[in-house]
Amino acid sequence: MKQIPVSLLTLVAGVVIAFFSLWVGQNHHLLPEQASEQAPLVDGFFNVMVTIATALFIVVQGAILIFAIKYRKPKDDDSDGLPIEGNFSVEIFWTAIPALIVIGLGIYSVEVYRAMGGFDPAGYEMIAHHHGASSAIAKMPGSAMAAPIIADSEGTISETASAPVEKKYGIGATPEEEGKAASLVVDVTAMQYAWIFNYPDSGVTSGELHVPVGKDVLLNITAVDVIHSFWVPQFRLKQDAIPGQPTQLRFVAIKEGDFPIVCTELCGSYHGGMRARAIVETPEKFDSWITENQVAQQQESIQTVATNPTDLPTSEFLAPYTKEMGIDAHSLTHLHPGAIVSSMSN
Amino acid sequence: MTKQLVRKFSYKRLILTDEKRFMAQAQLPLNTPPGMSGDSAKEHPKAWKWYDYFTFNIDHKVIGIQYLVTAFFFYLIGGLMAMAMRAELLTPDSDFLDPTLYNAFLTNHGTFMIFLWIVPAAIGGFGNFLVPLMVGARDMAFPKLNAIAFWLNPPAGAILLASFFFGGSQTGWTAYPPLSLITNNIGQSMWILSIVLVGTSSILGSVNFVITILFMRVPSMQLTQVPLFCWAMLATSVLALFSTPVLAAGLVLLLFDINFGTSFFKPDAGGNVIIYQHLFWFYSHPAVYLMILPIFGIMSEIIPVHAKKPIFGYKAIAYSSLAICFVGLFVWVHHMFTSGTPPWMRMFFTISTLIVAVPTGVKIFGWVATLWGGKIRYTTAMLFAIGLLSMFVIGGISGVTLGTAPFDLHVHDTYYVVGHFHYVLFGGSVFGIYAGIYHWFPKMTGRMLNETWGKVHFILTFIGTHLTFLPMHELGLQGMPRRVAMYDPQFISLNQICTFGSILLGISVIPFFFNALWSWMYGEKASDNPWDGLSLEWTTSSPPLIENWEVLPVVTHGPYDYGMNGRSATTDKAPSESVS
């Protein structure tokens, strides 16, 4: 049936469909705004897929529609249709073309994934290991569970740097940044139903993620209770926060703004309410935000350094952070019957 | 008595004419119900009474109908849960259902629809009813095992329903630990028990299908004359045999963690939560193919018959089922691209996932080409089949985009995924089950379904499906995660379209339900072969005799030989389906 297009009509139809698909691929407006360096890469890839999908959709649905109308049974005709059992070259054609398309998409997706930094998760830690000088920036504070608590980890730098490199999953440095340490490290801790952001370099802890625009940011992500997933739709990046398995996301925000941080892994009754904000601001604004919070949190950090999160009921553990998270202590106890974390540690 | 003599004689004759199948045929008497073997005093009745369908009956046709009716009952329950969830999502706030109940509904909606509706209806229902009829066997290879496999299903469903008295399982059908370890232990344990029961049922059923298809074909049937539904069932069964035990293993470990103090998946006691995800998806991705391969088989039966045209590329379609079965075992990590997976794994499974699109495309193109040059009769069965074709193209395309790791990082666990798999599982599997019911209802019950109401049913379902599931893609792309009872106000209008669509889908079941009920009792009597089908199930009476045929039929042509072997463009008579 689908002979190699010879007739002029088919040729014209092919050209029209091709141009239309290309147009749709560039003008579908299906995705939200782009706010990270990775976003244009993902969107470019998606646009290619939309182009191919549109062409395929029109050709196949068009064929179904045309055949369904053209070959309907005439009235009072009970005879059989054409006895065609197959056509080898046509079958080869429609096996080979999709095979070529998916091989092309496969290679392309590997390339996009590489450009996004997917091949270098935890790469910066290797550098920290080899060059002690950069370890001050690239320190990995404490164990994953205690991460949000250690506000000032000066004393642990040398041990961390020489410790065996921990395996981490997620998105690492893009090929251009490979081998360099990130300019800002944020420890992200997920729990039912909140995100806690800890800035180990300045000791600031917050319920909002503040990052300077244009700077290379590394998020070290862990979870204390169940699996959560960190997603900023405008960054096009997502990584699960897994108890007992540190993960990471590394990105450069390219647009100032206030973006939602969404938990995308079912984590309990209030999963839908587990939201935070990612605020991308100018480096100056970011610096002043850090300084403000450093001063405000100086007293608290002395108390919290010594505590082990698993020894405390969640509500108590969270209490120091309620202000930053923008919720009061009452709703915290409401969300956390307290038994959850302690039952985990049994 | 004379009947039995004739039957015995025909067995002997078949054995003599085909020595290769001697072993298989020699076992045939084992497979016949006790009354038939001659040496037993028990005689079974001429036809089954209505109450026989509520008993431990070993006739494959009874079991098939038992599966279908039970599954449909659970479909209605799962559908009500879906509508309750859509009602909740009419507004952004969590204001209609308690959040724990919402989570229990989303978990059990998935569980009922997958494990107690699509899998039992497609594999258990159509598989059991059709496979022996299509290959010319008097029953499945192991009839008692078959009945046991079915009777594991009602208790499984009952346990799931009962779990709601204890709050129900609330952790999604994926039941990822640690959430599943700390949330409603009783409900979660009941959920695990229920899934293990249906898993066992699936394994028992699969053994039966493999043996029946490979060894119990009527001797005159060549492998190239086996209907494509049987090829699909073969691939399905092999896949189920490989993957289901792995799920059972994962779930049993989870059960031990919850109840007996082990810590396989407890991270603070040295357990690893990622291992569970691998065990779960090693089954649960193939489960998608368990739900769609039999439907592909149904498509390959319905389209040629109602287009009166040979299937385009029999071998390509048969082999593509096996290819999907094989490749489908190596794609599971695409559900874990954002989880704890290293880069090489994300890349490897991107490529393997994309490869599945090739054999699937071969089938789609084959069916579209079958329409070309046909004489398409717009029966309800054919409408659902063509509707499926159109739906599946959309679900297939969005599936390819999801299979690529870089894009999946954005849309994983969002409504884009929900939209995608509902196009595949509702627009695909459920449309296929409806098509199959309209096509084989006359054979199963001896009565025709009302075609007018059937068309009303189709139109409502077709529009409802697009309204409900198309906007979900955009919701996901824009940033709405799945499994949430509350969402950002910016998503209100699209969610309202989805909810109205779901109401339409709910309404669409009503004409079908009453049509089926009424037609079963009072419908127009069906002839033996109302659609002019060429496969063996149309050579017996409607409904078939208890042992399917007085005398086994002899295969003289392929199942799709329209316009060939003496069938010309002017005859409408069935070819000489001569009996030995």
Side-chain angles (χ1 to χ4, degrees), chain A residues 1 30-32 42 45-46 49 53 56 60-61 63-64 67-68 71-73 78-83 85-86 91 94-95 98-99 102 105-106 109-110 112-113 116 118-119 169 226-227 229 233 236-240 242-245 262 264-267 269-273 340 343-345, chain B residues 99-100 103 172 176 178-179 182 267-268 307-310 312-313 316 338-343 347 350-351 354 357-358 361-362 365 368-369 371-377 386 389-390 393 397 401 404-407 409-410 412-413 477-479 481 483-486 562-564 567 569-570 572:
Chain A
M1 38 123 340
L30 290 171
L31 289 162
V42 175
F45 181 51
F46 181 64
M49 292 198 290
L56 211 66
V60 181
Q61 302 282 23
I64 295 171
F67 296 171
Y71 298 108
R72 62 191 192 280
K73 180 180 86 78
D78 283 335
S79 61
D80 290 351
L82 295 172
E85 286 191 286
E91 284 169 48
W94 69 43
T95 311
V102 298
L105 278 182
S109 61
V110 171
V112 171
Y113 196 69
M116 289 169 72
F119 287 175
Y169 302 123
V226 301
I227 302 175
S229 195
R236 310 285 191 273
L237 289 176
K238 185 180 291 133
Q239 177 56 51
D240 289 3
I242 306 163
Q245 172 65 70
V262 183
T264 56
E265 186 65 62
L266 179 64
C267 59
S269 313
Y270 294 92
H271 162 57
I340 293 163
S343 78
M344 282 292 303
S345 55
Chain B
T100 54
N103 282 1
Y176 277 4
L179 185 65
I182 61 171
D268 46 3
K308 285 222 176 180
K309 191 163 165 286
F312 194 97
T338 67
S339 181
T341 43
M347 292 300 101
T350 293
I351 309 267
L354 291 175
V358 177
V362 166
F365 297 138
V368 175
L371 295 177
W372 186 85
K375 300 253 170 89
I376 302 169
R377 294 174 289 176
I386 293 179
L389 202 50
S390 166
V393 171
I397 287 173
T401 64
T404 60
F407 179 64
L409 287 190
H410 178 51
H412 177 75
D413 265 341
L477 289 170
Q478 287 291 335
R483 293 169 164 171
V484 291
M486 49 206 108
Y562 289 97
M564 296 185 282
R567 291 181 64 100
T570 47
D572 60 343

Self-check item: Residues A/Tyr71, B/Ile376; criterion side chain to side chain contact (heavy atoms under 4.5 Å, CB included); working and verdict
Solution: CA-CA 6 Å; A/Tyr71 298 108; B/Ile376 302 169; 4.1 Å; yes

Heavy-atom pair count under 4.5 Å with chain A, highest-scoring of [options]:
options: B/Pro99, B/Pro481, B/Pro406, B/Pro343; result: B/Pro406
options: B/Thr338, B/Asn103, B/Leu179, B/Val358; result: B/Thr338
options: B/Ala357, B/Ser390, B/Gly172; result: B/Ser390
options: B/Met347, B/Lys309, B/His412; result: B/Met347

Here the pair of heavy atoms bringing A/Pro243 nearest to B/Pro178 is CG-CG, 3.7 Å

Minimal heavy-atom distance between B/Thr100 and A/Ser269, with the atoms involved, is CG2-OG, 3.2 Å

Residues at least two apart in sequence or cross-chain that pass salt bridge (Lys or Arg N to Asp or Glu O under 4.0 Å) with A/Arg236, listed by chain then number, are A/Asp43

Atom [atom1] of [X] and atom [atom2] of [Y]: how far apart are they, to the nearest 0.5 Å?
X: B/Ser339; Y: A/Gln245; atom1: OG; atom2: CD; value: 8.0 Å
X: B/Lys308; Y: A/Leu82; atom1: NZ; atom2: CG; value: 13.5 Å
X: B/Leu389; Y: A/Ile64; atom1: CG; atom2: CD1; value: 4.0 Å
X: B/His410; Y: A/Thr264; atom1: NE2; atom2: OG1; value: 11.0 Å
X: B/Phe407; Y: A/Leu105; atom1: CZ; atom2: CG; value: 12.0 Å
X: A/Phe46; Y: B/Leu477; atom1: CZ; atom2: CG; value: 5.0 Å

Residues at least two apart in sequence or cross-chain that pass side-chain contact (heavy atoms from CB on, under 4.5 Å) with A/His271, listed by chain then number, are A/Cys263, A/Leu266, A/Cys267, B/Arg483, B/Val484

Under 4.5 Å to a heavy atom of chain B? For A/Phe119 that would be both

If one checks every heavy atom of A/Val262 against chain B at 4.5 Å, the contacting part turns out to be side chain

I'd like to know which of [options] tops the heavy-atom pair count under 4.5 Å against chain B.
options: A/Ser109, A/Ser229, A/Gly106; answer: A/Ser109
options: A/Leu30, A/Leu31, A/Thr95, A/Ile227; answer: A/Leu30
options: A/Pro98, A/Pro233, A/Ala99, A/Gly273; answer: A/Pro233
options: A/Lys238, A/Gln239, A/Glu265; answer: A/Lys238

* To do: Report, as yes or no, whether the 6.0 Å neighbourhood of atom CZ on A/Arg72 holds more than 12 heavy atoms from other residues, nucleotides or ligands.
  => no

Would you call [X] and [Y] a side-chain contact if the rule is heavy atoms closer than 4.5 Å?
X: B/Ile397; Y: A/Leu56; result: yes
X: A/Phe67; Y: B/Val368; result: yes
X: A/Glu91; Y: B/Val362; result: no

Q) Under 3.5 Å, is there a donor-acceptor pair between the side chain of A/Asp80 and the main chain of B/Gly563? A) yes

**Asked** Relative to the ring of B/Phe365, is the ring of A/Trp94 parallel (under 30°), tilted (30 to 60°) or perpendicular (over 60°)?
**Response** tilted

Turns out that what part of B/Tyr176 lies under 4.5 Å from chain A's heavy atoms comes down to side chain

